[in-house]
Chemist: 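Input: one structure, supplied below.
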There are 2 protein chains.
Amino acid sequence: MTGSEIRRSMPLFPIGIVMQLTELTARQIRYYEEHQLITPARTDTNRRLYSLNDIDKLLEIKDLIDQGVNMAGIKQLFTVKEKQVFDDDLKKQEEKVRRDLSDEELRKLLRKEFMQAGRFTRSSLRQGDMSRFFH
Amino acid sequence: MTGSEIRRSMPLFPIGIVMQLTELTARQIRYYEEHQLITPARTDTNRRLYSLNDIDKLLEIKDLIDQGVNMAGIKQLFTVKEKQVFDDDLKKQEEKVRRDLSDEELRKLLRKEFMQAGRFTRSSLRQGDMSRFFH
DNA sequence: AATACAATGTTATATTTTATCACATGAAAA
DNA sequence: TTTTCATGTGATAAAATATAACATTGTATT
């Protein structure tokens, strides 16, 4: 998990602030929670605490409600979106693997060139200077 | 003012959250306010609301207090730091002016080149295409 | 049209949080 | 040793929140 993801999921805002930020009533916010669209954290004295992610979700909910989508529809949309980011993460992983592989190839090439160059400029470079390319 | 500056100065956090975020007691936080180190906003019902900037300041205060600096010292430090960012802003302004000036010169050069090019590739460009460089 | 349901409003009560003020305290400075 | 500084503690009032029950409104469905 990245730093910004941690920050965005940190429970910070009491419901009053969330009301202002989203222009939703407390009743609405709790209702959406009832329908499991959000799951705010709780303080040890049972007050709800919302994260930036929660607020984003609430704003999305508001938008979708305005467009006539009901709770069930929104829930579905959220789950497919979840799957979406999951797939994106997978893609990123794969991409990273590809990148690492071509790095590996790059290293081979560099090693070759280095050997070539050695023939002409013998001892102009100390081995250590380029050793970070090889392992 | 930039968007992030606006966000960082938006009053969002009630004192309870700030206590947790800074590990200061409410008494301390209000005390620092008494000494004008911070000036949190108030709701229309008189509750304090702190911004991200306020929280940064409180963390700095905490640090300085730990190092033995007193209220007066911290106040001084804050005012010189304020002057510092002010000066930095001035520098940025000047830099911008310089940039704008060289843009002006760039335009002159482009006009010249454009005239030159016209001799060879007459009518290959419509006037409108580069008119945005001239005004 | 009548009914049902979904989304939200309203009201009531209990608990928690915050504000303000006054007084206390320990450590450091004068 | 007095002051002063930074903070703690306690009391009281006001505000915010949680939960639950009931009311209202708009839309679909029959």
Side-chain angles (χ1 to χ4, degrees), chain A residues 10-79, chain B residues 10-79:
Chain A
M10 194 187 313
L12 287 177
F13 306 101
I15 200 167
I17 297 294
V18 178
M19 291 174 63
Q20 293 179 236
L21 255 31
T22 62
E23 300 187 275
L24 293 167
T25 67
R27 183 69 172 81
Q28 287 175 298
I29 297 169
R30 297 193 191 107
Y31 183 72
Y32 304 147
E33 179 186 348
E34 240 176 74
H35 288 268
Q36 330 221 24
L37 300 182
I38 49 174
T39 312
R42 297 279 185 143
T43 70
D44 38 345
T45 59
N46 204 34
R47 267 85 241 276
R48 278 167 255 253
L49 279 188
Y50 300 83
S51 68
L52 284 170
N53 277 332
D54 289 331
I55 289 172
D56 283 347
K57 270 196 177 182
L58 286 170
L59 291 172
E60 287 192 68
I61 292 170
K62 202 184 172 191
D63 237 59
L64 292 169
I65 291 256
D66 281 350
Q67 299 174 241
V69 185
N70 65 5
M71 298 295 111
I74 298 174
K75 200 180 301 186
Q76 288 305 313
L77 283 167
F78 279 4
T79 59
Chain B
M10 194 186 314
L12 287 179
F13 306 100
I15 201 168
I17 298 293
V18 177
M19 292 174 62
Q20 293 179 235
L21 254 31
T22 62
E23 301 185 275
L24 293 167
T25 67
R27 183 71 172 82
Q28 285 175 298
I29 297 170
R30 297 194 191 105
Y31 184 72
Y32 304 147
E33 179 185 349
E34 240 176 74
H35 287 268
Q36 330 220 23
L37 299 182
I38 49 175
T39 312
R42 297 278 185 143
T43 69
D44 37 347
T45 58
N46 204 35
R47 267 88 239 278
R48 279 168 255 253
L49 279 188
Y50 300 84
S51 68
L52 283 169
N53 277 331
D54 289 330
I55 289 173
D56 283 347
K57 270 195 175 182
L58 285 170
L59 291 172
E60 285 191 68
I61 293 171
K62 201 185 173 193
D63 236 60
L64 292 168
I65 291 256
D66 281 351
Q67 298 175 240
V69 185
N70 66 5
M71 300 293 111
I74 298 175
K75 202 180 302 188
Q76 288 306 311
L77 282 167
F78 279 3
T79 59

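For the numbers below, each heavy atom of this structure counts, side chains included, while hydrogens, waters and symmetry mates do not. In what follows, chains are A, B, ... by sequence order, proteins preceding strands, each numbered from 1. Fair warning: this is a prediction, and the values are worked out from it, not measured in the lab.
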Chemist: Between atom CD1 in Ile61(A) and atom P in dT8(C), what is the gap in whole Å?
Modeler: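 Spelled out: CD1 on Ile61(A) to P on dT8(C) is 10 Å.
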
Chemist: Quick one: on DNA chain D, does Met19(A) or Tyr32(B) contact a more 5' nucleotide (nearest heavy atom)?
Modeler: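 So the residue in question is Tyr32(B).
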
Chemist: Are Met71(A) and Ile65(A) packed together at the side-chain level, in the sense that at least one heavy-atom pair is separated by less than 4.5 angstrom?
Modeler: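 Result yes, sub-4.5 Å side-chain heavy-atom pair found.
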
Chemist: For dT19(D), does either OP1 or OP2 sit under 4.0 Å from a side-chain N or O belonging to Arg48(A)?
Modeler: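 Indeed, a polar side-chain atom of Arg48(A) lies that close.
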
Chemist: Please state how far atom CD in Gln28(A) lies from atom P in dT8(C), giving the value in whole angstrom units.
Modeler: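 Interatomic distance, CD of Gln28(A) to P of dT8(C): 5 Å.
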
Chemist: Establish, with yes or no, whether the OP1 or OP2 oxygen of dT20(C) is under 4.0 angstrom from a side-chain nitrogen or oxygen of Asn46(B).
Modeler: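 True: Asn46(B) side-chain N/O within range (under 4.0 Å) of dT20(C) OP1/OP2.
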
Chemist: I want to check one thing: is the phosphate of dT19(D), taken as OP1 and OP2, less than 4.0 Å away from some side-chain N or O of Arg42(A)?
Modeler: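 Yes, because at least one side-chain N or O of Arg42(A) sits under 4.0 Å from OP1 or OP2 of dT19(D).
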
Chemist: Nearest whole angstrom, please: distance from the P of dA7(C) to the NZ of Lys62(A).
Modeler: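 Whole-Å distance recorded here is 17 Å.
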
Chemist: Answer yes or no: is there a side-chain heavy-atom contact under 4.5 Å between Met19(A) and Ile29(A)?
Modeler: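 Yes, close enough: below the 4.5 Å cut-off.
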
Chemist: Does dA19(C) have OP1 or OP2 sitting under 4.0 Å from an N or O in the side chain of Arg30(B)?
Modeler: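 Yes.
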
Chemist: Under 4.5 Å between any side-chain heavy atoms of Phe78(A) and Ile61(A), yes or no?
Modeler: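 Counting from C-beta outward, Phe78(A) and Ile61(A) do come under 4.5 Å.
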
Chemist: Among Asp54(A), Ile55(A), Leu49(A), whose side-chain contact (heavy atoms from CB on, under 4.5 Å) with Phe13(A) holds?
Modeler: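 The residue from Asp54(A), Ile55(A), Leu49(A) that satisfies side-chain contact (heavy atoms from CB on, under 4.5 Å) with Phe13(A) turns out to be Ile55(A).
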
Chemist: Please compare Thr25(B) and Asp44(B) by the position of their nearest nucleotide in DNA chain D and report the one closer to 5'.
Modeler: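 The answer here is Thr25(B).
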
Chemist: Tell me whether the side-chain N/O atoms of Thr43(B) come closer than 4.0 Å to OP1 or OP2 in dA15(D).
Modeler: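 For dA15(D), neither OP1 nor OP2 has a side-chain N or O of Thr43(B) closer than 4.0 Å.
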
